[in-house]
Every structure is written in structure tokens, then in C-alpha cells.
Number of protein chains: 2
Amino acid sequence: MERNTRQRASIRDAIAAASRPLLPQEILDAAQSNVPGLGIATVYRNLKSLTEDGTLKEVKLPGENARYEIAGHAHHHHFQCLQCQKVFDVHACPGDLSRLAPEGFTVKEHELTLYGDCKDCR
Amino acid sequence: MERNTRQRASIRDAIAAASRPLLPQEILDAAQSNVPGLGIATVYRNLKSLTEDGTLKEVKLPGENARYEIAGHAHHHHFQCLQCQKVFDVHACPGDLSRLAPEGFTVKEHELTLYGDCKDCR
DNA sequence: TTGTATGCAAAGCGTTTGCAGTGAT
DNA sequence: ATCACTGCAAACGCTTTGCATACAA
């Protein structure tokens with residue numbers, strides 16, 4: 001059975017409070033303000049279980065370590081700033097891309113990442 | 001000044017002979033048939049220098065370690081098979097995606113990965 | 001009281017680096 | 001003869017795991 005610990009709550013809250021996907025280390029930093037002494041291993045263990053139970057969603061971008069955001073948003077993509085490296089949600093999608101695949105290949109999913117300058121860095 | 005070693009040649013040849021982007025370990029395995037005793041550190045060092053001098057191009061996919069392919073191909077994307085995990089080139093592109101970004105953001109580049117079943121796994 | 005969750009430290013994994021020896025020029 | 005390149009092993013950064021303790025139920 002799953003227990004409600006201060007650690008788990010502060011980790012979930014830190015991610016919910018953020019306006020963008022966070023790295024494990026950023027989550028640790030944020031959650032430690034509520035739970036001093038919180039360990040990075042606990043963060044990783046909870047990220048894993050919260051992802052498995054559907055509370056969180058992993059955001060994997062090319063060449064980047066996984067970030068985490070609250071699940072439940074509709075299908076969307078991401079934007080990474082070339083200057084500050086931060087990642088933002090993009091609530092838009094190019095739509096069906098099956099036509100791009102080579103013959104004989106079946107397309108079931110797609111991932112799209114946009115790169116450029118974010119609002120703050122322009 | 002850069003030197004022509006057997007190691008460098010076999011690494012470049014292994015990548016050129018492949019029909020898809022390869023992982024460092026796959027490159028090591030292939031190159032070792034020509035150069036037994038070849039070390040993984042040498043592979044990494046040459047992948048780095050060959051990428052810097054424009055001979056190779058890094059292929060970074062979400063949640064995956066970097067793969068390498070011969071550079072010089074036109075702008076293209078990649079397809080990863082959900083069954084065998086192999087990566088293939090996709091010589092097509094959805095085109096301009098600037099319109100997808102949130103207001104205030106500038107789009108300069110994009111990365112697209114398609115997922116599904118490859119020719120062999122269907 | 002029970003057993004899951006935690007914190008710490010050690011272990012894993014892929015990649016990088018230091019160093020002494022090798023070999024292309 | 002140089003000095004870039006190599007192989008090995010150690011170091012790295014991020015993530016996972018083992019273990020004894022803490023604490024939610």
C-alpha cells in the first residue's frame with residue numbers, strides 16, 4: 001500500500017507549482033524548502049512511482065536528462081530555449097505525420113521539440 | 001595536426017557502412033573486426049573529433065544515448081522502431097513550424113522523431 | 001505493530017580524462 | 001625525433017540500489 005509522506009507531498013507540490021517541466025535536481029531544490037534533509041534518492045524513487053501511477057509525466061528531450069511535469073494535460077510538445085536551456089510546453093501539434101515515414105514503416109507516435117529564444121531571453 | 005590512424009579509419013568506415021545511425025558500442029563492435037584491441041575511449045575521442053570536423057553528425061533522440069551517422073545528408077528526421085529500438089533516417093520534414101510556438105517565442109530549429117514499427121518488425 | 005518509505009552510501013552505466021607508451025609524419 | 005594518438009584505468013555526472021532506521025497506517 002502507498003503511504004502519504006511529507007516527502008512525497010512536497011515533491012508533487014513542487015512540480016505542480018512549476019510552470020514548466022523540472023529536472024530532478026530542480027525538484028529537490030524546490031522540495032527541500034518544505035522538507036529539509038530530503039535526499040535525492042527519495043526524489044528519484046518518488047518520481048518513478050508517481051510516474052507509474054499516472055500522477056506525473058516524463059518529459060524526454062534530445063540529449064537532455066528527463067524532466068517531469070504533472071500529467072493529465074492533453075497531447076502537446078515542448079520548446080527549449082537555446083539560451084537559458086529551460087523547457088516550456090507547446091500546446092499545439094502539427095497533426096498526422098504518417099505520410100513522412102518511409103514505405104513499409106508504420107507510424108504510431110511522434111515527438112516534436114522546437115528550439116529558439118524564449119520570451120525572457122529574446 | 002591530425003593523423004590518419006587505423007583506428008580512426010575503421011571507426012569512420014564502420015559508420016559509413018551502416019545504413020542507420022549507430023551507438024558508440026555498436027561502432028566499437030563493428031570497428032573491432034578491423035582493429036582488434038580497439039578501445040572504447042578511442043571510439044569516443046574519434047567520434048568527438050570527427051563530429052567537430054564535420055565528418056559525422058550526432059543523432060540525439062529523446063531518452064536515448066547519442067548515435068552517429070555520416071554528415072552531409074540534407075536536413076532530415078528520424079524514426080525509432082518501438083520493437084527493435086533501431087533508428088532510421090526519415091527523408092522528409094513537416095516544414096515551417098514557427099506557428100506552433102507560444103506568443104513571444106522565436107523558433108529557429110526543430111527536432112522530430114517518429115515512432116512505430118519498422119519494415120522488419122511489422 | 002507492521003512493513004513501506006527514507007537517508008545515506010555504495011554501485012551502475014555511459015562518457016570523459018590522465019597518463020605513460022605507441023606509432024604516423 | 002616529434003608529438004598526436006592509443007589503451008588502460010580512474011574519474012565523472014546522473015540514476016539506481018542495498019541496508020538499517022524512521023514513521024504512516
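Convention: sequence-line order gives letters A, B, ...; per-chain numbering from 1. These numbers were taken from a predicted model, which means no experiment stands behind them.
Non-hydrogen atoms lying under 4.0 Å from DNA chain C are contributed by Gly37(A), Leu38(A), Gly39(A), all within residues 17-40 of chain A. Residues from residues 49-65 of chain B placing a heavy atom under 4.0 Å of any atom in DNA chain D do not occur.
For the atom pair CG (Leu56(A)) and OH (Tyr68(A)), the distance works out to 8.5 Å, reported to the nearest 0.5 Å. Here the OG1 atom belonging to Thr42(A) is positioned 10.5 Å from the CG atom belonging to Leu47(A), to the nearest 0.5 angstrom.
Proximity of His78(B) to Leu114(B): side-chain heavy atoms (C-beta onward) are nowhere separated by under 4.5 Å. When side chains are defined from C-beta on, Arg8(B) counts as touching Leu50(B), because their heavy atoms get closer than 4.5 Å.
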Expected list for residues 100-110 of chain A: side-chain donor-acceptor pairs under 3.5 angstrom, two or more places apart:
from: Thr106(A); atom 1: OG1; to: Arg122(B); atom 2: NE; distance (Å): 3.2
from: Lys108(A); atom 1: NZ; to: Asp117(B); atom 2: OD2; distance (Å): 3.2
from: His110(A); atom 1: NE2; to: His75(A); atom 2: NE2; distance (Å): 3.4
from: His110(A); atom 1: NE2; to: His77(A); atom 2: NE2; distance (Å): 3.2

Could you pull out all donor-acceptor pairs under 3.5 Å where a side-chain atom in residues 10-19 of chain B meets a protein atom, sequence neighbours excluded?
from: Ser10(B); atom 1: OG; to: Arg6(B); atom 2: O; distance (Å): 3.4
from: Ser10(B); atom 1: OG; to: Gln7(B); atom 2: O; distance (Å): 3.0

Only pairs under 3.5 Å count here: list side-chain donor-acceptor contacts from residues 20-30 of chain B, not counting sequence neighbours, and write none if there are none.
from: Gln25(B); atom 1: NE2; to: Asp29(B); atom 2: OD1; distance (Å): 3.1
from: Glu26(B); atom 1: OE1; to: Leu23(B); atom 2: N; distance (Å): 2.8

Is there any protein nitrogen or oxygen under 3.5 Å from a nitrogen or oxygen in nucleotides 17-24 of chain D, and what are the pairs?
from: dG18(D); atom 1: O6; to: Arg45(A); atom 2: NH1; distance (Å): 3.2
from: dA24(D); atom 1: N3; to: Arg3(A); atom 2: NH1; distance (Å): 3.4

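Nucleotide dT6(C) holds its C1' atom 10 Å from the CD1 atom of Ile11(A), rounded to whole Å. For the pair Asn46(B) CG and dT16(C) P, the computed distance is 13 Å after rounding to whole Å.
Looking only at atom types and distance, the side chain of Glu69(B) has a donor-acceptor partner in the side chain of His76(B) under 3.5 Å away.
With Asp89(A) contributing its side chain and His91(A) its backbone, the two residues share no donor-acceptor pair below 3.5 Å. With hydrogens and angles ignored, the 3.5 Å screen pairs no side-chain donor or acceptor of Gln80(A) with any backbone N or O of Tyr115(A).
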